[in-house]
Student: 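Here it is: the structure, laid out below.
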Amino acid sequence: MREADSKQEQNHPLYSIDREHLDRLLAKDCPIEEDLIDLARLFVRYEGFPGAEDLQADMGKILKFWGMTREMLNSQVKGIWR
């Protein structure tokens, strides 16, 4: 694979489902545990993924809207799973 090809944006097979999840999360003022878990899961799924930039941008917007950082999100989700 050439270097130019490896940097090409890709489509994720779960894009449409994840778009629905993010649209739902964007409308949440106060997230419940399930929402936190969903967002953390999506961050993991798209970390380093060469594409779906709109989803990745919306994940950042959601965190900012909820007044959280990635570290705070991860800490809360770890607490949920304990």
Student: Out of curiosity, does Met68 fall in the hydrophobic cluster containing Trp81 (side-chain heavy atoms, cut-off under 4.5 Å, transitive links)?
Tutor: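 Same hydrophobic cluster.
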
Student: Give a yes or no on whether Leu25 and Phe65 share a hydrophobic cluster (residues Ile, Leu, Val, Met, Phe, Trp, Tyr; joining criterion: side-chain heavy atoms under 4.5 Å apart).
Tutor: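 The answer is yes; both residues are in one hydrophobic cluster.
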
Student: Quick one: are Arg45 and Met59 in side-chain contact, heavy atoms under 4.5 Å?
Tutor: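 Answer no - side chains too far apart.
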
Student: State whether the side chain of Asn74 and the backbone N or O of Glu71 hold a donor-acceptor pair below 3.5 Å, judged by distance alone.
Tutor: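 Flag not set: sc Asn74 to bb Glu71 has no pair under 3.5 Å.
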
Student: From Lys78 NZ over to Ile80 CD1, what is the distance, rounded to the nearest 0.5 angstrom?
Tutor: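 Going from the NZ atom of Lys78 to the CD1 atom of Ile80 covers 12.5 Å.
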
Student: For Tyr46 and Tyr15, work out which heavy atoms get closest and say how close.
Tutor: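 Heavy atoms only, the tightest pair is OH-CA, 3.9 Å.
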
Student: Asp38 vs Arg24, test: side-chain contact (heavy atoms from CB on, under 4.5 Å). Steps then yes/no.
Tutor: CA-CA 11 Å; Asp38 282 343; Arg24 177 180 57 80; 2.6 Å; yes

Student: Check whether Trp66 reaches the backbone of Leu36 with its side chain - one donor and one acceptor, N or O, closer than 3.5 Å.
Tutor: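 Such a contact is absent between Trp66 side chain and Leu36 backbone.
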
Student: With a 4.5 Å cut-off on side-chain heavy atoms, are Val77 and Arg41 touching?
Tutor: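 Of all side-chain heavy-atom pairs linking Val77 with Arg41, none is under 4.5 Å.
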
Student: Can you list the steps and then say if Leu63 with Met72 is a side-chain contact (heavy atoms from CB on, under 4.5 Å)?
Tutor: CA-CA 9 Å; Leu63 276 183; Met72 293 167 69; over 6 Å; no

Student: Classify the ring geometry between Phe49 and His12 as parallel (under 30°), tilted (30 to 60°) or perpendicular (over 60°).
Tutor: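 Answer is perpendicular, since the angle exceeds 60°.
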
Student: Hey, is the main chain of Gly51 close enough, under 3.5 Å, to the side chain of Gln56 for a donor-acceptor pair?
Tutor: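 Between the backbone of Gly51 and the side chain of Gln56 there is a qualifying donor-acceptor contact (under 3.5 Å).
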
Student: Taking side chain as C-beta onward, heavy atoms only, is Leu73 less than 4.5 Å from Leu39?
Tutor: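 The answer is yes, as the side chains (C-beta and beyond) meet within the 4.5 Å cut-off.
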
Student: Can you find a heavy atom in the side chain of Ile62 that is under 4.5 Å from one in the side chain of Phe43?
Tutor: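 No, side chains not in contact.
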
Student: Give, for atom CG of Asp18 and atom CD of Glu20, the distance between the pair rounded to the nearest 0.5 Å.
Tutor: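 It is 9.5 Å, given to the nearest 0.5 Å.
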
Student: Quick one: pull up CG in Leu42 and CG in Leu22 and give me the separation to the nearest 0.5 Å.
Tutor: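 That separation rounds to 5.0 Å.
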
Student: Does atom CG of Asp23 have more than 12 heavy-atom neighbours, drawn from other residues, nucleotides or ligands, at distances under 6.0 Å?
Tutor: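 Check passes, neighbour count above 12.
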
